[in-house]
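The structure appears right after this line, and notes come after that.
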Amino acid sequence: MKRTFNYTNRKRIPRGNVQIALKKQEPNPPTFDARFNLSDLKLPPDGKVYVEAYYRTSYMRFDFGTVAEPGSEEDRTLRDIDNRELVYFRVKVTDATGEQGRLLAEADGLIANPTEGPGNHVCILEVKFEDLGNLPWSLEINDSATPTLVVNRRISNKEYVRSNAAFFALVYPAVVRELLTFILNGDHEYDPDGDDWRDRWLRFITALPDVDSPPEGEEIDPRPWIDTAVRAFCERQPACTAFLESLAAEEQR
Amino acid sequence: MNQIGILNDVGIRRFADFLVRSRAGEELSVPVELLDDPTTSTLLLPTVDIENREFATRLEAAEYLSSKIGGLRDVNYNRGLWSWLALFYFDRVCKPDADGRRTVKAEPLYIPGAVSWRYYRHLLAGPFRVFQLYGAGASLLLQGPVDELSDLMEQFASRQEFITNPAIIGAANELYYDPEKQRPKRGAASTKKKPGTSRRFIDVVQQFDVTYDLYAMEPAQLLDLLPREFRPWRPDPSLPLR
């Protein structure tokens, strides 16, 4: 959802303060655990905590007690969620005393990755496999959730997608370019301490050698900065060298 | 009576090819042979019988399809299934005129996109999903002929936080649906952001979303928050809201 003015000083719950673990239990739908640290946000102790799970048009909401006494419903089975691999979460704290339903703090677009476990690292690009016909890959990008690299189901080897040098060299530079173009053409204001996925991407990119802060202002053409950023990304891997080495290794086999 | 099938990649490609060529002006017969050719389709399992019948409205189509496949797993985003159903009901979702000519519309209305699954654009999958969520409580989005993509459907269903929120859908239904005439109120979906229209409703609710926990609300509570410009759209205040 497009965000507008924050008149009521709703607080942002840092993603690092939330850990969500998705637990598979095939053939049944997965369940999840959520843990969060809200102590440094100065929220009222009786603020009510909810965790919402969603994927496309499916949605479930779970009562997680209060800020002072967090506790969850026993049954946290995600039976109404349409996807068993990729589920987004939202953590909300609402006012229990004053204006009913006023939002005090929120973290949105959280992802629990069943193969990575909770909180091991901050994921900036999800990967999933879908039926794409003859399209090898595409990107799902929107304002609210971590972007997802959608790979053709026929290439259904997650390890290959993650670590194969040829796949990396041919796909990821284009992915980075598309993501940065989306970010810089949108109206997001970069917050170096922010938890929005766009902040995490810009933080990651600006930490690369020779990459300045992203350009600001509509009158500045962002393409030269994006070119520099993509080059720096490829240098760091290094994408082309690794690709050539993998080709040489293939030829020797 | 037929059994519901799923078009495979080959079947989807041939159906898409038919759509492209038809849109280019070629007069082709509908490739119904794809529906039960084993090289282009497989049966949905468990098997489900289906009748090739008329639907007066999207609601009627959604209701019927829900009675058939509503309880099954993995149907919501099954591209081959919804392509098969659109082909099976092609005379409903792309009606021929008196001369037998059809106006074939954009492909995603018949074949869900492989890349971006905007289910709500599909003429059968969209109403089915909305009906699954709200039943007739989302009449605002479900009234109207099954061969037309509703602007209101596109406005609400394309926003995840809207279509999954009973308070928002309930309030919109209350404001913009005329239960006597069984259709959206005149001007509700005006393309201009006139006071109180659905586009203004979306803007205002998006602003509320940063302030309130909208999922915790009842439709009546959300209606009470709306500014004065929405008053003319509300039903008689003396009547119960639901």
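In the text below, chain A, chain B and the rest are named by the order of the sequence lines, each starting its count at 1.
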Check: Side-chain donor-acceptor pair under 3.5 Å between A/Tyr50 and B/Asp213, yes or no?
Finding: no

Next item on the list: Using non-hydrogen atoms and a 4.5 Å limit, figure out which bit of A/Asn134 sits close to chain B: side chain, backbone, both or neither.
Entry: side chain

Note to self: Heavy-atom count check: over 12 atoms from other residues, nucleotides or ligands less than 6.0 Å from A/Glu73 CD?
What the structure shows: yes

Next item on the list: Take atom CD of A/Glu74 as the centre, draw a 6.0 Å sphere, and report whether it contains more than 12 heavy atoms from other residues, nucleotides or ligands.
Entry: no

Checklist line | Donor + acceptor pair across side chains of A/Thr57, B/Tyr77 (<3.5 Å) | finding: yes

Next item on the list: Calculate, to the nearest 0.5 Å, the distance between atoms OG1 and CZ belonging to B/Thr211 and A/Arg10 respectively.
Entry: 7.5 Å

Next item on the list: Give the member of B/Thr164, B/Val130, B/Asp74 that has the highest number of heavy-atom pairs under 4.5 Å with chain A.
Entry: B/Thr164

Item checked: Which atoms of A/Tyr55 approach chain B - backbone, side chain, both or neither, heavy atom under 4.5 Å -> both

Next item on the list: Residue by residue, scan residues 171-185 of chain A and write down, ordered by number, those that have a heavy-atom distance under 4.5 Å to chain B; if none do, write 'none'.
Entry: none

Check: To the nearest 0.5 Å, what is the distance between CG (A/Asp82) and CZ (B/Arg129)?
Finding: 4.5 Å

Next item on the list: Measure across A/Arg61 and B/Ala216 and return the closest heavy-atom pair with its distance rounded to 0.1 Å.
Entry: NH2-CB, 3.5 Å

Margin query: Please report the interatomic distance CG(A/Asp131) to CD1(B/Ile12), rounded to the nearest 0.5 Å.
Written below: 6.0 Å

Notebook entry, point to check: What about the rings of A/Tyr59 and B/Tyr215, do their centers lie closer together than 6.0 Å?
Noted result: yes

Check: Nearest 0.5 Å, what's the CD-CG distance between A/Glu52 and B/Asn165?
Finding: 8.5 Å

